[in-house]
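What follows is one structure encoded as structure tokens, with my remarks underneath.
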Amino acid sequence: DVPYSILASAYAKAGMDSESEAIFKRMEACDIKPSIEFFNTLLSAYIGSPYLEKVDRVIYLAEKYGCRFTLATYTLVMEVYTKAKQPQVAEKILEEMKRSGVRPDAITYGVLIDGYCKTHNLAEAERVFRIMLNEQQEPETSTYNSLLHGYASKGMKGEAERLFNLMQSLCCKPNVVTYNTLISMYSRIRKYNQATQLYTTMQAAECKPDAITFKLLHRAYILSENHLEASKIIIDMKNAGFRF
RNA sequence: UACGUCUUGAG
């Protein structure tokens, strides 16, 4: 089933879930037993799709084929629901996975936390964050990024700064997404100096800016009417191999 | 050994 899974994965990544399903039908016809990884691949195709019933169908089929759900399976199903703005349903699945003896990891909790952040339930996000700490799971950089973005989108600068300090005190290294999130926040609240200062901070931390960083920095300088610095950003951007 | 998480903007 491996070649079929790789094929289905390619289609799923391209957002072509109907092709993935066609592959499943061919596998059935050839009497090939799909692995759990194959079903995981199908699940990933339904992330962001409005057809949540299809997820139940995949779960039903996986059970029918006697596949044992893995950590990735549960995490994917949870992500389907968080991306559909239903983090409460995702949390039910988290409880179900615990009952069936599969231990959630940092990514699993990260998915749920992101789901609460995206629905503006920051108190719930913090609650889950504390649960994961109690369970000795180290939050990933991306999890801090989710929380930072949650606070940033509400303009809660103080909370965002608290998290940025917290992550570093817990030895979690900020990445380019972390800096981009903060630059975007400072720009939105018109703190252009703080936004652009992060360019220096990230370089000192040996974090490479990406295309988004340059775009955000450029905009911050334009909005603060500092056209000289804005043009310097364009130069840096080109030197870093990005095109304008 | 194939499978799971984060940021800009457009829409």
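The chains referred to below are lettered A, B, ... by the order of the sequence lines, with proteins before strands, and numbering in each begins at 1.
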Open item on the list: Using a heavy-atom cut-off of 4.0 Å across all strands, would you classify A:Asp105 as base, sugar-phosphate, or nothing?
Closed with: base
TODO: Name every residue in residues 175-198 of chain A that has at least one heavy atom under 4.0 Å from any atom of RNA chain B, in order of residue number, or write none if there are no such residues.
DONE: A:Val177, A:Asn180, A:Thr181, A:Ser184
Open item on the list: So does A:Pro104 get a backbone contact from the side chain of A:Gln137, meaning a donor-acceptor N/O pair under 3.5 Å?
Closed with: yes
Task: Gap between atoms CD1 and P, on A:Ile222 and B:rG9 respectively (whole Å) - done: 17 Å
Open item on the list: Taking any heavy-atom pair under 4.0 Å as a contact, classify A:Ile107: base, sugar-phosphate, or nothing.
Closed with: base
TODO: Respond yes when some side-chain nitrogen or oxygen of A:Lys215 is under 4.0 Å from OP1 or OP2 of B:rA10, and no when none is.
DONE: no
Task: Sugar-phosphate only, base, or nothing, as touched by A:Leu71 at under 4.0 Å among non-hydrogen atoms - done: base
Open item on the list: Would you say that more than 12 heavy atoms from the other residues, nucleotides or ligands in this model lie under 6.0 Å from the NZ of A:Lys173, or not?
Closed with: no
Task: Interatomic distance where CG belongs to A:Leu216 and P belongs to B:rA10 [whole Å] - done: 12 Å
TODO: Test for a donor-acceptor pair under 3.5 Å between the base of B:rA2 and the side chain of A:Ser35, counting only N and O atoms.
DONE: yes
TODO: Within residues 139-151 of chain A, find the residues that approach RNA chain B with a heavy atom at under 4.0 Å, and present them sorted by residue number.
DONE: A:Glu140, A:Ser142, A:Asn145, A:Ser146, A:His149
TODO: Could you state whether A:Leu223 and A:Ile183 fall into the same hydrophobic cluster, counting links through intermediate Ile, Leu, Val, Met, Phe, Trp or Tyr residues with side-chain heavy atoms under 4.5 angstrom apart?
DONE: no
Open item on the list: Please tell me if A:Lys118 has a side-chain N or O lying less than 4.0 Å from either OP1 or OP2 of B:rU7.
Closed with: yes
Open item on the list: Regarding A:Thr108, tell me which of base, sugar-phosphate or nothing describes its non-hydrogen contacts under 4.0 Å with the strands shown.
Closed with: base
Open item on the list: From CE of A:Met97 over to C1' of B:rG4, roughly how many Å is that when rounded to an integer?
Closed with: 10 Å
Open item on the list: Quiz question: by atom type and distance under 3.5 Å, do the side chains of A:Glu91 and A:Tyr116 form a donor-acceptor pair?
Closed with: yes
TODO: May I ask you to check whether A:Tyr109 and A:Glu135 show a side-chain donor-acceptor distance below 3.5 Å?
DONE: yes
- [ ] Starting from C1' on B:rG4, measure out to CG on A:Asp114 and report it in whole angstrom.
- [x] 13 Å
- [ ] Determine whether more than 12 heavy atoms belonging to other residues, nucleotides or ligands lie under 6.0 Å from atom CZ of A:Arg127.
- [x] yes
